[in-house]
Amino acid sequence: MEAKKIKNIFVQGAISPAFIADSIAGHQSKTTIGGHSIFLGQVRADMINGQKVVGIEYTSYVEMALDKMQEIREDIFAKYELSCAHVYHSLGMVLTGEICLFVFTSAPHRRSAIDACNELVERIKAELPVWGKELLEGEGHQWKVNN
Amino acid sequence: MEAKKIKNIFVQGAISPAFIADSIAGHQSKTTIGGHSIFLGQVRADMINGQKVVGIEYTSYVEMALDKMQEIREDIFAKYELSCAHVYHSLGMVLTGEICLFVFTSAPHRRSAIDACNELVERIKAELPVWGKELLEGEGHQWKVNN
Amino acid sequence: MTNQRLHIQVFGQLSEILGSTGVDIPFFADTNELRKWLLTEYPALDKLPFLIAVDKKVSQTSTPLNENAVIALLPPFSGG
Amino acid sequence: MTNQRLHIQVFGQLSEILGSTGVDIPFFADTNELRKWLLTEYPALDKLPFLIAVDKKVSQTSTPLNENAVIALLPPFSGG
């Protein structure tokens, strides 16, 4: 179970593969865990009117996002039998090919870990006040739209 | 798209967090990818009639497993719009807390990556001729049962 | 009452439309009144759906406001 | 024909029941006959459902056998 203390989820810039490896390694002493489910969001080099996206600059209404994330966490822990759940989202600049979102759930059995991870990703994208500004090669930008 | 060449999926012993990090890092140059989905199976220290599981020793009918895995891969690539899919399964001894299965899918959009990963995990568990022998503290063993 | 003002924080694309990440505006008694005024004052808002958050919660119907309310204008979310 | 033999590979828990990971047995024309003989020869097999693979494919109905068939006995899978 989780304490009620508000956890920070935001990290400056991209999330590195080494950070992800450390998170995984940190769970190897929890021997009641049978399965981990991980989602990673990566910045795509989309073409927008002939200009390539070179990165996304993320901003957030941080105080509200952390409150909402806490509410989502509580819902998820009430709904699924989880050992733990971790969420990291980038703020500031993330270049194409880099990772901007890391959602990591662990449970005794795979079904709970997978379903909880899936639901976390959907709710994070739909409910967290976070905005991505897609910066285009050369100059200019476009505001990212989730679907 | 994937070549027809049969890929090996088996690794001796546990799958390390560093190996997982390297796999993730290897996909950062593929800038059409928008989402990765990862499933990790970890060996639980279950209690069996009062004896704790200390590890699982995996064996396989390797030639058949690789043929079957190739069939599953082809089905998955036909069904989902994927950038790539990787599967690694341990053979030999994996201690409790260590990782024995690593399934990794990547796609332009998250839905394909997540659904494909999920389906791969289910099919791997149901269809690959792999067996786990749970070794118990002290002595003795029990053959693992999937559900 | 006419001395009262509201302060609103402005996020994402809306800060481009309003030209700032925070503005002081006249007082309105609820979020419906506020929304009406904003659409008149900044006609470009008509093109972009937006939510109003009061005290860090999205206002679902019309929410009463007071001078200490923490108000924020939120364009469609695009995290992840 | 009576000189023909079948070689079968035996995996997982079945190798404990048969006492070996590979056995040479008399020839049978199909997997139904083979299964019947195995259950008589190794009564403990009755407790454990098993599949017969022929040439690396699980035999769904009765599969004809020949001396060169690659036959394997597979207990319930428990990978992952």
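Predicted model, so just to flag it, every value in this text is computed and none were measured. Below, read A as the first sequence line, B as the second, and so on, with proteins coming before strands; counting in each chain starts at 1.
- With respect to chain A, the highest number of heavy-atom pairs below 4.5 Å among B/C100, B/A113, B/A25 belongs to B/A25.
- In this structure, chain B has heavy atoms under 4.5 Å from both the backbone and the side chain of A/T96.
- Counting non-hydrogen atoms of neighbouring residues, nucleotides and ligands closer than 6.0 angstrom, the CD atom of B/E81 reaches no more than 12 such neighbours.
- Classification of A/D46 and A/K52 as a salt-bridged pair fails, no side-chain N sitting under 4.0 Å from a carboxylate O.
- For the residue pair A/H27/B/Q42, the side-chain donor-acceptor check at 3.5 Å is not satisfied.
- Of the atoms belonging to A/I33, heavy atoms from both backbone and side chain fall under 4.5 Å from chain B.
- With chain A as partner, the option from B/E122, B/R110, B/E98 having the largest number of non-hydrogen pairs under 4.5 angstrom is B/R110.
- Going from atom CZ of B/R73 over to atom CG of B/L82 covers 9.5 Å, rounded to the nearest 0.5 Å.
- The contact between B/T32 and chain A is made entirely by backbone atoms, counting heavy-atom distances below 4.5 Å.
- Using a 4.5 Å heavy-atom threshold, the side chains of B/L136 and B/M47 count as separate.
- Contact annotation for A/V121: only side-chain heavy atoms (C-beta onward) come within less than 4.5 Å of a heavy atom of chain B.
- When side chains are defined from C-beta on, B/E119 does not count as touching B/D115, because their heavy atoms never get closer than 4.5 Å.
- Proximity to chain B is absent for every atom of A/L95, based on heavy atoms less than 4.5 angstrom apart.
- Between chain B and the residues A/G41, A/G34, A/A21, the most heavy-atom pairs under 4.5 angstrom are made by A/G34.
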